[in-house]
Amino acid sequence: MQDIEDIKQSYPLFRNEEYKDVLARKKDDYENGHPSDKVDETFLWTTSVEYQELNFAREALTVNPAKACQPLGAVLCALGFEKTLPYVHGSQGCVAYFRTYFNRHFKEPVACVSDSMTEDAAVFGGQKNMIDGLENAKALYKPEMIAVSTTCMAEVIGDDLNAFIGNAKKAGAVAEDFPTPFAHTPSFVGSHVTGWDNMFEGIGRYFTLNHMEDKEVGSNGKINLVPGFETYLGNFRVIHRMMQEMGVDYSLLSDPTEVLDTPADGEYRMYSGGTTLDEMKDAPNAITTILLQPLHLVKTQKLLTNTWRHDVPKLDIPMGLELTDNFLMEVARLTGKAIPDSLAKERGRLVDMMTDSHTWLHGKKFALYGDPDFTLGLTKFLLELGAEPTHVLCQSGGKRWEKSMKKMLKESAPVNNQTQLFSRHDLWHFRSLMFTEKPDFMIGNSYGKFIQRDTLHKGKEFEVPLIRIGFPIFDRHHLHRSTTLGYEGAMTILTTLVNAVLERMDDDTRLMAQTDFNYDLVR
């Protein structure tokens, strides 16, 4: 029983004897489970090479995907624009999932609406939902733009967003000139990064495709920066800071920093910050546009090249040392602005940190999973640190990702590189690898904690600790405010990695008079 003077959380509470008894009786009387020795036997089999071969042979089933769905990415993209309301043409449950996913990661309320398609809409189409939904959303939440995406239901029945939005305007749901960009984002193909790309291309197309007559490349003297699917708010801030220190005139196209990190001062901000619509309209007049995560911004790049007529630089995500160097040097070349001493000193501090920590990271084996550009940038930085990336899994990847990874690996580690690449594989594949080809650590989002628990269950010597870098991070707080890009982000990643290594060493040498031969004060 709970004691009012000593309220316990669930995990110590359920260790009390009365709860142990209740749970044991529940298991015996109702669960009809297999004998524990059979469970243990099956578990051990799932850690074997034999099971791994069967696991990697499956074709029609995904188990624990290392990705989310397209409209989730579309919602994040829309949140990056000033006074914009993300609107999903589909069922209410889907939007509840998107909002909850972001709530759990950012610890913030997330504005997003749906037009609540149900069974009748699945039969007769969702045009009525669109007309009513746009009218209600505009009247209730007073946005200056509504960005529309779709869920599975709308895509399966073939709803035409362009026609539906046009008919809604003709019906007077919103004014003819009210901004309503859209993107078709079917959940059953692609992933969250595809959805971000589709939504950005839809917004860019809406404001510029038929308005290019008076546009002239370079006439506004700016450069555009497109972040892609980015959930580390510190990365937006570090990009702003680097550009400001260089004295560069720029536009960061889609910046959700303010609306996803609002202060607790008694005022609720449904809309805060974001790229202005005027900036988006003016974007084709820039010198060019730099894609910060080019591997997943495929449609965006086509828009920039074919419609805006921009010569998009061939860069990778500015993560780690060399890739940040490349980014800043390209910005300097494009704008004629010198890289200031402040950034040169910051780079020097990163190099100093790498020198300080290389003895602990050299030769350490890391397996990682995540989005295409993230995994490329982090793999590159691990190689710069002298670490060994053993397995890199990207379910959102494909041939383009594999080609870019192989090129980077060949250039960065041309001799004896053993990095294995897994595109279109899931976390159940990754789990097999952690047992059969054990690295020292794995790097990824919160879902990896279940793999760590499984490896520990086999025995302490089999445990693969998880280092949480990526999206989503549900079970730790405030990491979404951190930074992974630029020299600052590299410092943060380096600090995270080396201290995980040292904490693991302390954990392995903590038993008094048994394992504490290297339980040292100075590392």
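Every residue meeting the salt bridge (charged side-chain N to carboxylate O under 4.0 Å, His left out) condition with E411, not counting sequence neighbours, appears here in chain and number order: K407. Not counting sequence neighbours, the partners of K345 by the side chain to side chain contact (heavy atoms under 4.5 Å, CB included) test are R349. Listed by chain and residue number, nothing satisfies the salt bridge (charged side-chain N to carboxylate O under 4.0 Å, His left out) test with K107 (two or more places apart in sequence, or in another chain). Residues that satisfy the side-chain hydrogen bond (donor to acceptor under 3.5 Å, both in side chains) test with H89, not counting sequence neighbours, are D115, D159. In this structure H105 satisfies the side-chain hydrogen bond (donor to acceptor under 3.5 Å, both in side chains) test with no other residue, sequence neighbours excluded. With sequence neighbours excluded, the residues that form a side-chain hydrogen bond (donor to acceptor under 3.5 Å, both in side chains) with D325 are R347, Y487. Applying the side-chain hydrogen bond (donor to acceptor under 3.5 Å, both in side chains) rule to E488 yields the partners R241, T483; only residues at least two apart in sequence or on another chain are considered. Here D261 pairs with R237, R481 under the salt bridge (charged side-chain N to carboxylate O under 4.0 Å, His left out) rule; sequence neighbours left out.
F450 places none of its side-chain heavy atoms less than 4.5 Å from the side chain of L427. Looking only at side-chain heavy atoms (C-beta outward), V226 and L292 stay at 4.5 Å or farther from each other. Contact of the D282 side chain with the F207 side chain is not registered, since no non-hydrogen atoms from C-beta on lie closer than 4.5 Å. Side-chain contact check for I443 versus L497: some heavy-atom pair is nearer than 4.5 Å. Side-chain contact between E108 and T262: present, with at least one pair of heavy atoms (C-beta onward) separated by less than 4.5 Å. Taking the side chain as every heavy atom from C-beta outward, Y87 and S149 never approach each other to under 4.5 Å. You'll find the side chain of K406 reaches within 4.5 Å of the side chain of L421, heavy atoms only. Side-chain contact between M434 and R431 is absent, with no heavy atoms from C-beta onward closer than 4.5 Å.
Between T484 and N235 the shortest heavy-atom distance is N-OD1, 2.6 Å. Among all heavy-atom pairs drawn from L291 and L304, the shortest one is CD2-CD1, 3.6 Å. For K337 against M246, the heavy-atom pair with the smallest separation is CB-O, 3.5 Å.
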Query raised in the report: When you look at E267 and R269, which way does the salt bridge (Lys or Arg N to Asp or Glu O under 4.0 Å) test go after all the steps?
Result: CA-CA 6 Å; E267 178 188 350; R269 298 164 174 82; 3.5 Å; yes
Report task. Take R468 and D475 through the salt bridge (Lys or Arg N to Asp or Glu O under 4.0 Å) test and state the conclusion after the steps. Result -> CA-CA 9 Å; R468 289 165 175 80; D475 63 333; 2.7 Å; yes
Query - Residue pair L368, H391: steps toward the side chain to side chain contact (heavy atoms under 4.5 Å, CB included) verdict - result: CA-CA 6 Å; L368 57 144; H391 312 82; over 6 Å; no
Report task. Start with the C-alpha distance between Y271 and L85, add both sets of side-chain angles, then the distance that settles side chain to side chain contact (heavy atoms under 4.5 Å, CB included), and finish with yes or no. Result -> CA-CA 8 Å; Y271 312 111; L85 181 65; 3.9 Å; yes
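Screening residues 250-260 for salt bridge (charged side-chain N to carboxylate O under 4.0 Å, His left out), with sequence neighbours left out, gives no hits. Under the salt bridge (charged side-chain N to carboxylate O under 4.0 Å, His left out) criterion, no residue pair touches residues 216-235, with sequence neighbours excluded. The salt bridge (charged side-chain N to carboxylate O under 4.0 Å, His left out) contacts involving residues 301-320 comprise nothing, where partners must be two or more places apart or lie in separate chains. The salt bridge (charged side-chain N to carboxylate O under 4.0 Å, His left out) analysis of residues 375-392, with sequence neighbours excluded, yields the pairs E322-K380, K365-E388.
Between E201 and K299, none of the side-chain N atoms (NZ, or NE/NH1/NH2) sits under 4.0 Å from a carboxylate O, so this pair counts as no salt bridge. Using a cut-off of 4.0 Å between Lys/Arg side-chain N and Asp/Glu carboxylate O, R333 and E330 are scored as salt-bridged. With respect to D440 and R504, no salt bridge is recorded, no charged nitrogen being found less than 4.0 Å from a carboxylate O.
Taking the centre of each ring, F474 and Y101 come in below the 6.0 Å mark. Taking the ring centroids of F98 and F102, they lie at or beyond the 6.0 Å cut-off.
In this pair, H192 and F471 present their aromatic rings tilted. The plane angle is within the 30 to 60° band. The aromatic rings of W196 and F200 sit parallel, their planes meeting at an angle under 30°, below the 60° perpendicular limit.
Listed for the N224 side chain is a donor-acceptor partner under 3.5 Å among the backbone atoms of A283. The backbone N or O of P465 sits nowhere less than 3.5 Å from a side-chain atom of Q452 that would complete a donor-acceptor pair. At least one donor-acceptor pair closer than 3.5 Å links the side chain of T390 to the backbone N or O of F366. The backbone N or O of T276 sits less than 3.5 Å from a side-chain atom of E279, completing a donor-acceptor pair. Under the 3.5 Å distance criterion, the side-chain polar atoms of T275 are matched with a main-chain donor or acceptor of S254. Using a distance-only test at 3.5 Å, with no hydrogens or angles considered, no donor-acceptor pair links the side chain of E82 to the main chain of G274. Formation of a donor-acceptor pair under 3.5 Å by the N285 side chain with backbone atoms of S219 is not found in this model. When atom types are taken as modelled, the side chain of T375 and the backbone of C394 share no donor-acceptor pair closer than 3.5 angstrom. The main-chain N or O of D371 is never found under 3.5 Å from a side-chain atom of S396 such that the two would form a donor-acceptor pair. Side-chain N or O atoms of H310 include one that pairs as donor or acceptor with a backbone N or O of P284 at under 3.5 Å.
Taking a 6.0 Å sphere around NE2 of H362, one finds it holds 12 or fewer heavy atoms contributed by other residues, nucleotides or ligands. Crowding of D341 atom CG: a count of heavy atoms from other residues, nucleotides or ligands under 6.0 Å not exceeding 12. Counting heavy atoms of neighbouring residues, nucleotides and ligands inside a 6.0 Å radius, atom NE2 of H240 exceeds 12 of them. Other residues, nucleotides and ligands place no more than 12 heavy atoms under 6.0 Å from the OH atom of Y141.
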